[in-house]
Amino acid sequence: MSSLHETAYPRLKSEITEKELQESYTPSDAEQRWARPAKTPVARLGLLLHLKLFQRLGYFLSLAAVPREIVEHVGHQCQFRKLPTQTQLLQYERSGAKHRNQKQIRTYLGIRPLASNDNTWLYDVALGAAETKEMLADIVNVMLEELVRHRFELPGFTVLKRTARRARNEVNEYCFSAITSQLTGEAKQKIDELLSPSGQIYSAWHILKREPKRPGNKKVRSYLQHVHWLQGLGQEMPTVKLPIVKHRQLALEARALNAAEMAELKHNKRYALAVILIHSQHSKALDDVAELHIRMVRAMESHAQTALQQYLLDHQKHVDRLIETFKDVLTAYEQDTSQQRRLASIEEVCSGLLIPDTDLGENPRHQEVFDEQATTYVFRRVQTRGCCLGSGSRL
């Protein structure tokens, strides 16, 4: 239910600053000359008050609701020696002079009130807005914009809200009928089954709204089965072509209703909201699966990086020994002896290095890890995860 403060409908502020008084409620010299023909000082002040308030609000406001500081400001600007009392202003409000003055103001500003044929135009504006908007406040704002653009006096907020609600109901009923008319008998039966508990603790309607859990083999597998169920359900439903804003709002409305509340809705609205939610949940579920996939891959990469760093740490001593051996080889090679003696010395230094589980025996494994960085450990994590990610490849 939209309230006045949620829209752009003009209203007086609870506190009015001196700056606002000067900018919005100070009659110009031309306006004061225009108001001079008024018969009495009270009528002249009333005329100027209605003029400035109309310029600010776009509609006529009862002087009983006007803050006293506005009355005093306008009176002082017009150099009234003595301001009329509140009782005198109320007497002016009840007199015929008020209505004559309002006609003068409309003529002076080039504004016209809504006539009966203009109500049809305004309703068409509301219908056009309701085709792309769902919130009453948004529809009312479009109506306000068009009223100002065509220089109409603004009707009461209740009139606008009632018109907006009637237009929204008509547009939505048309959309609901269009969706329901495309449903086959089997699709309607599927929706009826969703709303029926069938002896279970939770109805399938409640399961339809399921959210993904924290990544894990069993939970992800279970959720992927849920997505497959949604996919099969969605394939039996007609395609919904609605503006994004309206589709999102109707999906939220459907999601907020439980099975019992859905069953109480009118025939067309119940089936249409069910179709919209099914498509919305399937689309959302695919996004959730992609998000789960990303989170799992990131977790595997993180574990792989940790495993790689641990491997490098554990084999740092092997690397140090290999470097020391290489130094001894260079030392033996630089001996000032015959080539045969140098080769014999190098062979003595390197003896045993090619035996498995020794420094050089570990070299092929170290080379594999070094070349592919954390890739080897990522594949290990994938294998331990099983095939849960791959089972969603056809989604």
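In this chain, residues are counted from 1 in sequence order.
Taking the side chain as every heavy atom from C-beta outward, Asn101 and Gln104 approach each other to under 4.5 Å. Proximity of Leu250 to Leu242: side-chain heavy atoms (C-beta onward) are separated by under 4.5 Å at one or more points. Counting heavy atoms from C-beta on, the side chains of Leu147 and Leu160 come closer than 4.5 Å. Looking at heavy atoms from C-beta onward, Val140 lies in side-chain contact with Phe157 at the 4.5 angstrom threshold. With contacts defined as side-chain heavy-atom distances shorter than 4.5 Å, the pair Asn258/His206 does not qualify. Residues Leu286 and His282 have side chains in contact (heavy-atom distance under 4.5 Å, counting atoms from C-beta outward). No side-chain heavy atom of Leu49 sits less than 4.5 Å from a side-chain heavy atom of Tyr25. No side-chain heavy atom of Pro27 sits less than 4.5 Å from a side-chain heavy atom of Leu51.
Looking at Arg270, its side chain does come within 3.5 Å of a backbone N or O of Leu265 through a donor-acceptor pair. In this structure, the side chain of Lys133 does not engage the main chain of Asp138 through any donor-acceptor pair within 3.5 Å. Side-chain N or O atoms of Ser283 include none that pairs as donor or acceptor with a backbone N or O of Ser280 at under 3.5 Å. Under the 3.5 Å distance criterion, the side-chain polar atoms of Glu93 are left unmatched by any main-chain donor or acceptor of Ser62. Side-chain N or O atoms of Glu264 include none that pairs as donor or acceptor with a backbone N or O of Glu261 at under 3.5 Å. For the pair Thr180 (side chain) and Phe176 (backbone), a donor-acceptor distance under 3.5 Å is present. Counting only distance, with no hydrogens or angles, the side chain of Glu146 and the backbone of Val142 share no donor-acceptor pair below 3.5 Å. Of the possible polar contacts, none joining the Ser196 side chain to the Asp192 backbone as a donor-acceptor pair under 3.5 Å is found. Ser24 places no side-chain N or O within donor-acceptor distance of the main-chain N or O of Leu21, the cut-off being under 3.5 Å.
Considering CG of Asn169 and CZ of Arg165, their distance stands at 7.5 Å, rounded to 0.5 Å. Rounding to the nearest 0.5 Å gives a distance of 10.5 Å between CD of Glu291 and NZ of Lys284. Atom-to-atom distance recorded for Lys246:NZ and Arg248:CZ is 13.0 Å, nearest 0.5 angstrom. Considering CZ of Arg168 and CG of Leu136, their distance stands at 4.0 Å, rounded to 0.5 Å.
Gln22 and Glu18 share a donor-acceptor pair across their side chains, judged by distance under 3.5 Å alone. In the model, Glu236 has no side-chain atom that pairs as donor or acceptor with a side-chain atom of Thr184 under 3.5 Å. Side chain to side chain, Glu31 and Gln55 meet the donor-acceptor criterion of an N or O pair below 3.5 Å. A donor atom on one side chain and an acceptor atom on the other are not found under 3.5 Å apart for Tyr174 and Asn268.
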Criterion side-chain hydrogen bond (donor to acceptor under 3.5 Å, both in side chains) on Arg255 and Gln281, from CA distance to verdict: CA-CA 9 Å; Arg255 187 175 178 79; Gln281 286 298 99; 3.1 Å; yes
Salt bridge (Lys or Arg N to Asp or Glu O under 4.0 Å) between Glu301 and Arg298, intermediate numbers included: CA-CA 5 Å; Glu301 182 186 17; Arg298 283 177 177 170; over 6 Å; no
Criterion salt bridge (Lys or Arg N to Asp or Glu O under 4.0 Å) on Glu153 and Arg106, from CA distance to verdict: CA-CA 8 Å; Glu153 177 183 338; Arg106 292 190 187 105; 2.6 Å; yes
CA sep, side-chain torsions, deciding dist, call: Glu253, Lys269, salt bridge (Lys or Arg N to Asp or Glu O under 4.0 Å): CA-CA 11 Å; Glu253 181 180 349; Lys269 184 174 183 179; 2.9 Å; yes
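Taking the six-membered ring for Trp and the full ring otherwise, Tyr271 and His267 have centroids separated by under 6.0 Å. Taking the six-membered ring wherever Trp is involved, the centroid distance between the rings of Tyr9 and Tyr59 falls below 6.0 Å.
Heavy atoms of other residues, nucleotides or ligands lying less than 6.0 angstrom from CD1 of Ile244 number 12 at most. Heavy atoms of other residues, nucleotides or ligands lying less than 6.0 angstrom from CD of Glu69 number more than 12. A 6.0 Å sphere centred on NZ of Lys209 holds more than 12 heavy atoms belonging to other residues, nucleotides or ligands. Surrounding NZ of Lys98 are more than 12 heavy atoms belonging to other residues, nucleotides or ligands, all under 6.0 Å away.
Counting all heavy atoms, side chain and backbone alike, Trp205 lies closest to Ala259 at CD1-N, 3.7 Å. Summarising the geometry of Ala285 relative to Leu230, their closest heavy-atom pair is CB-CD1, 3.8 Å, with the distance given to 0.1 Å. Leu90 and Ala64 make their closest contact through CD2-CB, 3.6 Å (heavy atoms, listed as atom of the first residue, atom of the second, distance). Nearest approach of Gly110 to Arg151, heavy atoms of both residues: O-NE, 3.3 Å. Here the closest non-hydrogen pair linking Glu6 and Ala137 is O-CB, 3.7 Å. Of all heavy-atom pairs spanning Leu183 and Met237, the tightest one is CD2-SD, 3.9 Å.
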Atom pairs and distances, donor-acceptor, side-chain atoms in residues 120-132, under 3.5 Å, two or more places apart:
residue: Tyr123; atom: OH; partner: Glu170; partner atom: OE1; Å: 2.3
residue: Thr132; atom: OG1; partner: Ala129; partner atom: O; Å: 3.4

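Of the residues Lys52, Gln77, His73, the one that meets the side-chain hydrogen bond (donor to acceptor under 3.5 Å, both in side chains) test with Thr26 is His73. Partner of Pro155 under the side chain to side chain contact (heavy atoms under 4.5 Å, CB included) criterion, out of Asp118, Leu114, Thr163, Asn119: Leu114 alone. Paired with Ile105 under the rule side chain to side chain contact (heavy atoms under 4.5 Å, CB included), one option of Leu48, Leu47, Ile111 passes, and it is Leu47.
Classification of the Phe60-His50 ring pair by plane angle, with boundaries at 30° and 60°, yields perpendicular. Classification of the Trp229-His226 ring pair by plane angle, with boundaries at 30° and 60°, yields tilted.
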